[in-house]
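Below you'll find the structure, written out as C-alpha cells, and then a few comments.
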Amino acid sequence: MMSCFIRRLFSLILGLSVFVDSLRDNEKTRQRYSIENLPLKSIAAYPLVPDYSEYYYYPSIRHKMAEAMSVNNCSMSGAYLTPEDGGNESNTADFSVKVLSPPKVVVLKWDKNSNHKKNMRIFSQVSNNLCASRNFRDLRKGFYKRAKGCYKVFSEDKKTGIRRKRFNDYGATMHPEHVRCDNIKATSVCESGVSGITVVDNYLREMHSFPFVVFARKVVVSRSGMLALPCGPFGLLSSCEAVNWGLATANAYLPNATACRQPQNGLIDECPLPRHQRVFVLTQYDDTQIGQFMQEALPKLVFHLDFLLANPDIKIHFGFTKQPTVPDFVLPHIYFNFLGLGDRLINGSHYAEEVIIPREGGCQDVGYNAWEVV
C-alpha cells in the first residue's frame, strides 16, 4: 500500500513539474516570438515578391528599374521614363535614375567593336580535381541552382511556344537569372579548362550596360543598405541576398520612414534614427568580407571617387550587418583611409534628406560591374 502511494505521489509531482516547465517554455516561446524580440527580417511583411526581369545583364535601365520598383508603390523619373511617358523629369517622383556613361576614351578602348579589345585575349585554366569534386558534380546536376533559388523567370510550353512567368514566393539568395545559375556554361568551362590553358570565349568578356545612380529624398537607409519610404521598400536586386535580407530589413523600417519625415517640434523628434543631409550608399550583403568587398564594393567606390572627394559633406554608408551596427574592426578601413574617406563612414540604420545609390555589385560577379572596373 505504501509503495503504491509513493509511486502515485511521485507521478503526481512529476506531472506537476512537467506542467510548470511547459508553462515556462510557453512564456519563453511567447517572448521569443514577440515583436520586440524578433529580428527585423521576421518583423517585415512577407512575401516580398519582386517581378524579376528575365535578364540578369539588363538590356535597358527601364528593365532594371521596373524590377526594383515592383515591390513598392513608389514613382520614378529620370532615365526610367521614355518620351512616350511625357518626359523624363519630375519634381514629385520618389526616385530619379541617371545613366553614367564612362569617359569616351574608356568606351572606345573596351567597347565590343574595339580593335584594342579584339586583339587582346584572356586565358584560363582549371585545376584537374575541380570537375571531379563532389560539389561540382552536384552543381552539374542542378543542386546548386535549387539551393540558391536559381530558376528561369519564364517557362515555355514546348508544344505551343507560349511563355509564362514563374512565381518565386521566397527570398532567393541570388537573382534567378544570375550568370552563376547557368550550370551548363559552368560545366563547359570546367571541361575545356582541365585540358590545359584555354582562351576565354568572347561572350564571357562582354561589358553589358553602363553604370547608373539612383537619387532619393527623405528616406531611411536601413542597415542592409536598402531604403524605406512611406511608399514601400527599395533596393537593387542583383546583389547577394537582396530579397532574403536586403529588402526584408528595409521593409521593417517603413514606420520610421513616415515618422522621420515629420517636422521636428521643438526638442521633440519622433525619428529614432540619426539624421544626415546627404548619404552615398555603398552597403550590400557581406560587403565586409574581403573577397566581396574587392569584387562588389571597391569597383563602384573607385568609379565614384572623384565625386565623393569633391563633396566632402556626403557620408558613406558601408557595412552590411544583421546587428544594429558593425564593429569597427570588421570594416576594411585601410582602403577607405588610403582613399581619404575613412572619417566619413557610417553603418546601421539612418535617415537622410538625400540619398545617392550607385549600381549594385553583382553577387560575386565582377563582370556585372565591368565598366566600373576598367
Side-chain angles (χ1 to χ4, degrees), residues 53-68 76-83 87-89 96-125 175 177-180 182 185 189 192-193 197-215 236-239 280-282 284 292-311 314 316 335 338-341 356-374:
S53 168
E54 64 178 307
Y55 304 103
Y56 168 67
Y57 296 121
Y58 53 94
S60 72
I61 195 66
R62 192 174 178 91
H63 274 87
K64 180 65 178 175
M65 292 299 105
E67 178 181 85
M76 177 171 281
S77 65
Y80 175 68
L81 300 180
T82 64
N88 62 3
E89 292 299 333
S96 179
V97 61
K98 181 180 181 181
V99 176
L100 300 179
S101 301
K104 289 183 178 180
V105 63
V106 175
V107 175
L108 290 174
K109 184 176 180 179
W110 292 102
D111 185 75
K112 62 181 179 181
N113 298 319
S114 164
N115 290 328
H116 169 80
K117 186 175 180 181
K118 289 178 180 179
N119 294 332
M120 292 181 64
R121 293 188 297 172
I122 299 177
F123 300 89
S124 68
Q125 185 174 6
H175 190 287
E177 297 280 2
H178 195 292
V179 66
R180 291 169 59 197
D182 194 334
K185 284 184 180 178
V189 170
S192 62
I197 297 176
T198 57
V199 178
V200 175
D201 288 335
N202 285 332
Y203 75 85
L204 294 173
R205 301 174 58 197
E206 294 180 8
M207 301 296 285
H208 306 290
S209 299
F210 288 156
F212 60 82
V213 285
V214 176
F215 302 94
L236 302 172
L237 306 183
S238 293
S239 59
F280 181 86
V281 181
L282 200 63
Q284 60 183 67
Q292 287 182 253
F293 172 77
M294 300 295 285
Q295 289 187 76
E296 301 167 8
L298 190 58
K300 54 186 177 180
L301 178 62
V302 173
F303 185 79
H304 295 278
L305 183 60
D306 289 344
F307 169 77
L308 292 171
L309 292 176
N311 294 271
I314 297 179
I316 301 171
Y335 298 97
F338 176 77
L339 296 172
L341 304 171
I356 304 156
I357 309 175
R359 174 164 67 173
E360 79 276 40
C363 182
Q364 299 180 17
D365 171 27
V366 71
Y368 185 85
N369 303 94
W371 284 112
E372 289 92 331
V373 172
V374 299

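Predicted model, so just to flag it, every value in this text is computed and none were measured.
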Are the side chains of [X] and [Y] in touch, meaning some heavy atoms are under 4.5 Å apart?
X    : Y    : value
L301 : L341 : yes
T198 : F123 : no
K64  : F212 : yes
Y368 : Y56  : yes
V281 : V214 : no
F303 : P358 : no
V373 : V302 : no

Exam field: side chain [X] to backbone [Y], donor-acceptor pair closer than 3.5 Å:
X    : Y    : answer
E67  : L237 : no
H63  : S53  : no
N369 : E372 : no

What pair of heavy atoms forms the shortest contact from [X] to [Y], and how long is it?
X    : Y    : value
Q295 : D365 : OE1-N, 3.8 Å
S238 : H175 : OG-CD2, 4.1 Å
I197 : Q125 : CG1-OE1, 3.4 Å
F210 : V99  : CB-CG1, 3.9 Å
W371 : W110 : CZ3-CB, 4.0 Å
L236 : A68  : CD2-CB, 4.3 Å

Rounded to the nearest 0.5 Å, how far apart are [atom1] of [X] and [atom2] of [Y]?
X    : Y    : atom1 : atom2 : value
K300 : L305 : NZ    : CG    : 14.5 Å
Q364 : E296 : CD    : CD    : 6.5 Å
I61  : K98  : CD1   : NZ    : 13.0 Å
I356 : L282 : CD1   : CG    : 12.0 Å
S239 : E360 : OG    : CD    : 6.0 Å

**OP:** Decide if atom CZ of F338 counts as having more than 12 heavy atoms of other residues, nucleotides or ligands within a radius under 6.0 Å.
**Re:** no

What pairs with [X] under ring-ring contact (aromatic ring centres under 6.0 Å, His included), at least two apart in sequence or on another chain?
X    : result
F280 : H304
F215 : none
F307 : none

Check side-chain hydrogen bond (donor to acceptor under 3.5 Å, both in side chains) between [X] and all other residues, then give those that pass, not counting sequence neighbours.
X    : value
N311 : R278
Y58  : R359
H208 : none

